[in-house]
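Okay, so here's the structure we're looking at.
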Amino acid sequence: MTPAAQQLRILLDGTEQVLPHDEFERKVTAAARGERPPLRAKFGVDPTSADLHLGHAVVLRKLRAFQRLGHTAVLIIGGFTAQVGDPSGRSATRPRLTRAEVDANAATYLAQVRKILLDDPLEVTNNADWLEPMGMADVLRLTARMTVAQMLERADFAARYEQRRPIAVSEFLYPLLQGEDSVAVRSDVELGGTDQTFNLLVGRDLQAAAGQDPQCVLTMPLLEGTDGSAKMSKTYGNAIGVDDAPAEMFGKVMSLPDPLMVKYFRLVTDLPPEQVDAIAAGLADGSLHPGQTKRRLAREIVALYASPEAATAAEARFDTQFVDRSVPDDVAVFDLGDTDPWFLPSLLRASRLCASGAEARRMIAQRAVRLDGKVLDDEELALPRAALRGRVLQVGRRRFARLG
RNA sequence: GGUGGGAUACCCGAGUGGCCAAAGGGGGCGGACUGUAAUUCCGCUGGCUCUGCCUACGAAGGUUCGAAUCCUUCUCCCACCA
């Protein structure tokens, strides 16, 4: 096994907090020396939406680091907890999902997780397996372990209580359920984002109460989304999905605010820490061009989740579409059918370049509609089919249809 | 159990009889600019067979020439006191 010092360097890199630090070092050292079995590193995800994004990837990649060193990744799909709703970082009660929605999400989730985690050593479990059968007596035993005052110390609850916003009692249950998961899988360390700190620590208490050696807690920084401020989340619409099409992924990375570049290099690419430091320095002293550097970031990320070839292609496509402002070559074809002539707003709607005729009219008025690059700004325009066939209709810079 | 507050467009939120498809902000979209799907600036932001019509202010009914605004009933939500 890899020596303890080297393991610690790898495992601690990029982390926000490790609690308790010395305890973690002891566990890793003992495992490295073969004095105890490899660590069981737990990570739980609630399948609240079907797609994994780069924010999840930050923690999953750390989990993979554990795997690479021979430790076991214990991935918990929150089939039950997703129905409760994690209050972490929330200013409002989360909408609860039905069992069916959760199951559907969980399936696609796992497929995406495999893009990041190694197949072995890996355990995947669903917390519905042990949480669902719990009876009222179990629930009472669990809830007795924590006081209301402790719950209200959490920043998110405190803020909501202060502002007289609703807090559902079930939300109090969430951290306890997550902690119960730790007991169920006998984890040695649990990973999560910094907003998970409270929940992660609850696991320690519950494990101790159950007579287990309590887990250590390792948190990773939260990754901001494409808007540059809010934590990446699908509900905020600022997420870069692990399964996004390469061109989409490339473009989203390019739209990141410049100051976020270094953080992304550090947390979501495979570049070694020294290289990231060099990039940070280069950007700071002006020796590295921000535009070129962001391109590199986008290439690295696309290469990681799609392939290096896809990254090259995505960059080329980006250049034709946004730098040269010309038409990409993989535009979907819209069948003109029998209609002749086509009324421009109808055509825009039928080809789904615009959501409604009214939107089409607005786009036309704003000079956003082009046919083979030539602006069409007449709302009443009727176009004979012969004049349309084979040409490319475009709305704004990102929506295209080849007319056939 | 009691008291009070509330439900408005994608979200937050103003509006208390006609000037309301409804202020303002956010988000989104578009245009200019740019290394960029960054920043900044400007504009747009219910739908349709579009100088008009339809739908919309929790639901249903009512008053009125006219209702997001008034009345009745209902549904749902929240806070506070106990």
Side-chain angles (χ1 to χ4, degrees), chain A residues 90-96 157 159-171 224-230 232-241 244-264 279 282-283 286-302 314-326 328 339 341-350 352-370 373 375-382 393-400:
Chain A
R90 289 276 158 168
S91 54
T93 306
R94 262 182 200 263
R96 269 166 299 165
F157 282 152
R160 277 157 68 180
Y161 193 66
E162 179 68 27
Q163 292 163 25
R164 302 188 167 178
R165 290 170 160 277
I167 302 172
V169 174
S170 61
E171 293 184 83
E224 290 85 354
T226 50
D227 59 349
S229 52
M232 186 178 286
S233 156
K234 200 171 180 194
T235 42
Y236 300 151
N238 65 357
I240 303 177
D244 279 350
E248 179 91 2
M249 196 184 274
F250 193 95
K252 283 183 181 174
V253 175
M254 287 306 284
S255 78
L256 288 172
D258 288 358
L260 228 45
M261 281 194 275
V262 172
K263 186 167 185 181
Y264 267 67
I279 289 171
L283 285 170
S287 63
L288 278 180
H289 189 277
Q292 293 304 320
T293 308
K294 201 183 282 180
R295 278 167 180 270
R296 174 164 181 206
L297 176 65
R299 278 196 308 269
E300 293 279 353
I301 291 173
V302 175
E315 182 170 22
R317 192 183 196 281
F318 186 85
D319 282 333
T320 52
Q321 193 172 346
F322 299 107
V323 180
D324 303 343
R325 302 266 178 108
S326 53
T339 310
W342 273 94
F343 181 55
L344 186 53
S346 313
L347 177 60
L348 288 165
R349 187 174 49 165
R352 312 184 77 151
L353 292 178
C354 293
S356 68
E359 186 192 314
R361 285 164 189 278
R362 273 180 243 126
M363 290 299 120
I364 295 166
Q366 292 184 108
R367 301 179 56 80
V369 177
R370 292 186 178 81
V375 173
L376 302 177
D377 58 1
D378 178 3
E379 287 186 25
E380 305 306 324
L381 196 58
L393 188 63
Q394 175 180 1
V395 175
R397 283 191 251 168
R398 299 176 57 187
R399 288 176 258 173
F400 301 92

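Here is how names work: the chains are called A, B, and so on, in the same order as the sequence lines, proteins then strands, and each is numbered from 1.
For the pair A/E359 CD and B/G31 P, the interatomic distance rounds to 12 Å; values are reported in whole Å. Rounded to a whole Å, the CZ atom of A/R349 is 9 Å from the C1' atom of B/G47. Regarding A/M363, its CE atom lies at a distance of 20 Å from the P atom of B/C50, rounded to whole Å.
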Steps toward side chain to side chain contact (heavy atoms under 4.5 Å, CB included) verdict (A/F322, A/M254): CA-CA 11 Å; A/F322 299 107; A/M254 287 306 284; over 6 Å; no
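Using P as the reference atom, B/U34 and B/U39 are 16 Å apart when rounded to the nearest Å. Rounded to whole Å, the P atom of B/U55 lies 25 Å from the corresponding atom of B/G17. Using P as the reference atom, B/A37 and B/A56 are 41 Å apart when rounded to the nearest Å. Here, B/G15 and B/C57 have their C1' atoms 10 Å apart, quoted to the whole Å. B/A38 and B/U51 are spaced 36 Å apart, taking the P atom of each and rounding to whole Å. Across B/G27 and B/C77, the matching C1' atoms stand 25 Å from one another, rounded to whole Å. Rounded to the nearest Å, the gap between the P atom of B/C76 and that of B/C70 is 23 Å. Rounded to whole Å, the separation between the P atoms of B/A67 and B/G18 comes to 11 Å.
Here the side chains of A/Y264 and A/E300 are not in contact, with every heavy-atom distance at 4.5 Å or above. The shortest distance between side-chain heavy atoms of A/D378 and A/L344 does not fall below 4.5 Å. Under the 4.5 Å side-chain criterion, counting only non-hydrogen atoms from C-beta, A/L297 is in contact with A/L256. Inter-residue side-chain proximity for A/L393 and A/L348 is flagged as met; some heavy-atom pair is nearer than 4.5 Å.
Every side chain to side chain donor-acceptor pair (under 3.5 Å) that A/D258 has, sequence neighbours left out, goes to A/K294.
The phosphate of B/G30 (OP1 or OP2) has a side-chain N or O of A/R399 nearer than 4.0 angstrom. Look at A/R361 and you won't find any side-chain N or O under 4.0 angstrom from OP1 or OP2 of B/C44. Close to B/G47, at under 4.0 Å from its OP1 or OP2, lies a side-chain N or O of A/R362.
In this structure B/G17 sits in no base pair that meets the Watson-Crick or G-U test at under 3.5 Å. As the counterpart of B/U45, B/G27 is assigned, both hydrogen-bonding distances of the Watson-Crick or G-U wobble pattern falling under 3.5 Å. The partner of B/U72, taking Watson-Crick or G-U wobble pairs whose two distances both stay under 3.5 Å, is B/A60. Using Watson-Crick or G-U wobble geometry with both donor-acceptor distances under 3.5 Å, B/C80 finds its partner in B/G2.
With hydrogens and angles disregarded, a donor-acceptor distance shorter than 3.5 Å links the side chain of A/S326 to the backbone of A/T320. In terms of modelled atom types and a separation under 3.5 Å, the side chain of A/T339 and the main chain of A/W342 share no donor-acceptor contact. No donor-acceptor pair under 3.5 Å is formed between the side chain of A/D319 and the backbone N or O of A/D324.
Side-chain contact, A/R317 with A/Q321: a donor N or O sits under 3.5 Å from an acceptor N or O.
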Short N/O separations, protein against nucleotides 9-12 of chain B, under 3.5 angstrom:
none

B/S/- along nucleotides 34-39 of chain B (protein heavy atoms under 4.0 Å) is BBBBS-
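Nearest-nucleotide assignment on RNA chain B puts the 5′-proximal partner with A/V369, out of A/S356 and A/V369.
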